[in-house]
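In this text, all values refer to a predicted model and were calculated from it rather than measured experimentally. Throughout, protein chains are lettered first and strands after them, A, B, ... in sequence-line order, and every chain is numbered starting at 1.
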There are 2 protein chains.
Amino acid sequence: MMNGIVPVSAPTRLRVEQAMAELDYVPNLSARGLRNGRSGVIGLALPDLATPFSAEISQSIVEVAHEQGWSVQIEETGSDPHREQELMTRARANLIDGLILNPVVLKESAVQVGVALPPVVLLGEVTQQLADRVFVDSFAAARDMTLALARPGRRRIAALGVNRGRQSATALQRAGGYEAALQELGIAKDESLLISCDSWTPASAAEALGEYLDAHPLPEALFCFTDSMAIGALNTLWKRGVRVPEDIAVAGFDDVIDGRFAVPSLTTVSFDKRAIATEALRLLTERMSDRSHAQQLVEIEYRIVERDSSRG
Amino acid sequence: MMNGIVPVSAPTRLRVEQAMAELDYVPNLSARGLRNGRSGVIGLALPDLATPFSAEISQSIVEVAHEQGWSVQIEETGSDPHREQELMTRARANLIDGLILNPVVLKESAVQVGVALPPVVLLGEVTQQLADRVFVDSFAAARDMTLALARPGRRRIAALGVNRGRQSATALQRAGGYEAALQELGIAKDESLLISCDSWTPASAAEALGEYLDAHPLPEALFCFTDSMAIGALNTLWKRGVRVPEDIAVAGFDDVIDGRFAVPSLTTVSFDKRAIATEALRLLTERMSDRSHAQQLVEIEYRIVERDSSRG
DNA sequence: TTGAAAGCGGTACCAA
DNA sequence: TTGGTACCGCTTTCAA
């Protein structure tokens, strides 16, 4: 009755409302969830909650979800396919009506044929045929960024974040776009310009770049596969007295707030995180109301934002 | 029966387990929650989810919660007492067994005598007598930091983040500690060294500092009330060609990852976020099992970490 | 040791 | 328009 659909006379309604206020009545959501088969909660699972990127995505999703009356349960996968899998099952336990998952490897692992799936929307570059997905074209963006870095005649362009322990889908696509751009430019492939970095954090990027510079000459440009890594890289370069962008141009990916205020401010691949949230929620609610329609893919536009770290 | 407490014979147990696997059975958590009166979910409410600080706190809480079998529902209050209030009620609706809340103003607003409270643990400096609380002594930390900045003979020490629209408890304490230090040092109070900043973000800090520098001489030191603001400030200083720390020393508060990798790396007040999470969860679970015991307060140690932004 | 039954607090349906 | 009743799926208790 509280949903206001049942027809009630005005006086009755008033009496009920009064009683509710008086007793400080709060509906029991577990009971409602049990009865309705839906809890009004969605899950959001990200690989590493400590990153500013996760923070911005979480904020967008929580805000959009809230506008539509959803609550958000947050989970950290630590890039672990087992954990991703486990979350799917938890979702089917009905405390979560659906799941927005940013998978890392997931080569068919968690999302599998024959595995009973809850309504799921994937965030990111993982290719598979089963679940709806919202993504940025990382390959094209990485290609464009590499071309932009090369424009003023730079040819020795390094890539930081090439692998990630187990190769992530995102890393593969960005590396692919980077290589495609070099090929277009007629720049010979140079393995010694690929800098790997096992975790995509400022700390390991700073360390990886430091070790790299100890053993190699300074490249003309450095394309970091995330802003977080770029922030770590800028710190290492600064510590060694390498000037950015005069001695080396630096770029990131994600357009995180702290990158805009980095010193120097960071050139990056930007995209609308709010749009990601809106689309992810749209796909998820559509999937919840109809489990059987075909897989939907939504591509989010990106753009290259040139800031001080790559000017000149 | 699934909890393994009911005595069952081995063959029966086996049969059941087989059936569960075969049917891909997943227990319905709404039903369990209804029956048990607890959902296994706690809420975490922070003012601004987009900040790296929120990200690091969320991560700690989600991880510690997970270790203890809890899930975490995440909420954003936008520093709005109404929203803080509302979340309390939602918690009582039993989809959340307890709430960890980082309030901003909350001068008795959400946490009130006579208001039916769910189990709540407050994070931060808000003083009130009703709810358990985990906090860092911001007053003492701000005082120590100001003294540290003054040590090499700096006397014109500015404070950034002094107000926040509606004055926040955190801002008041940090401003208080800053002023106490100046007084100890025998430095006359100078209102023109207080830089206000309506939102505690890099963007508004950068802007506020820019406007300030247009109208005032450069201070010898700048104490920003959060690392996020300090990151914005560093960007503004860099754009104007002001050298840090040679021309001005800069410090922050929170010891956020991106501050460690700022250029120059940021002097800050550091504290153990994992410890905050552990203590908050401990207080919360204790409160859930016994609603009536006295209010508990847990203070988390801090320390001043001097990095390049204030050396010399 | 096993099986049956009641009840948590809502919602939806039906009869009055 | 209203009040009554069954049922969502799990846990607990009690009887067999």
Without decimals, in angstroms, what is the distance between [X] [atom1] and [N] [atom2]?
{"X": "A:Leu95", "N": "D:dC10", "atom1": "CG", "atom2": "P", "answer": "12 Å"}
{"X": "B:Met20", "N": "D:dG9", "atom1": "CE", "atom2": "C1'", "answer": "14 Å"}
{"X": "A:Tyr25", "N": "C:dT11", "atom1": "OH", "atom2": "C1'", "answer": "11 Å"}
{"X": "B:Asn28", "N": "D:dC7", "atom1": "CG", "atom2": "C1'", "answer": "13 Å"}
{"X": "A:Leu29", "N": "D:dG9", "atom1": "CG", "atom2": "P", "answer": "18 Å"}

Regarding the side chain of A:Leu34, the nearest nucleotide among D:dG9, D:dT11, C:dG10 is D:dG9

Considering only heavy side-chain atoms of A:Ala31, the closest of C:dT11, C:dG9, D:dT11 is C:dG9

| message | Set out, in order, the CA-CA distance, both residues' side-chain angles and the distance that settles side-chain hydrogen bond (donor to acceptor under 3.5 Å, both in side chains) for B:Arg174 and B:Ser138, then state yes or no. | response | CA-CA 6 Å; B:Arg174 296 186 187 172; B:Ser138 265; 3.0 Å; yes

Between B:Arg15 and B:Asn36, whichever has its closest DNA chain C nucleotide further toward 5' is B:Arg15

Report task. Would you tell me whether A:Ser168 and A:Thr170 have side-chain atoms, one donor and one acceptor, within less than 3.5 Å of each other? Result -> no

Donor + acceptor pair across side chains of A:Gln173, A:Asp137 (<3.5 Å):
no

Under 4.0 Å: is that the gap between some side-chain N or O of B:Arg35 and OP1 or OP2 of C:dG7? no

Mutual orientation of the aromatic rings belonging to B:Phe271 and B:Phe253 [parallel < 30°, tilted 30-60°, perpendicular > 60°] = tilted

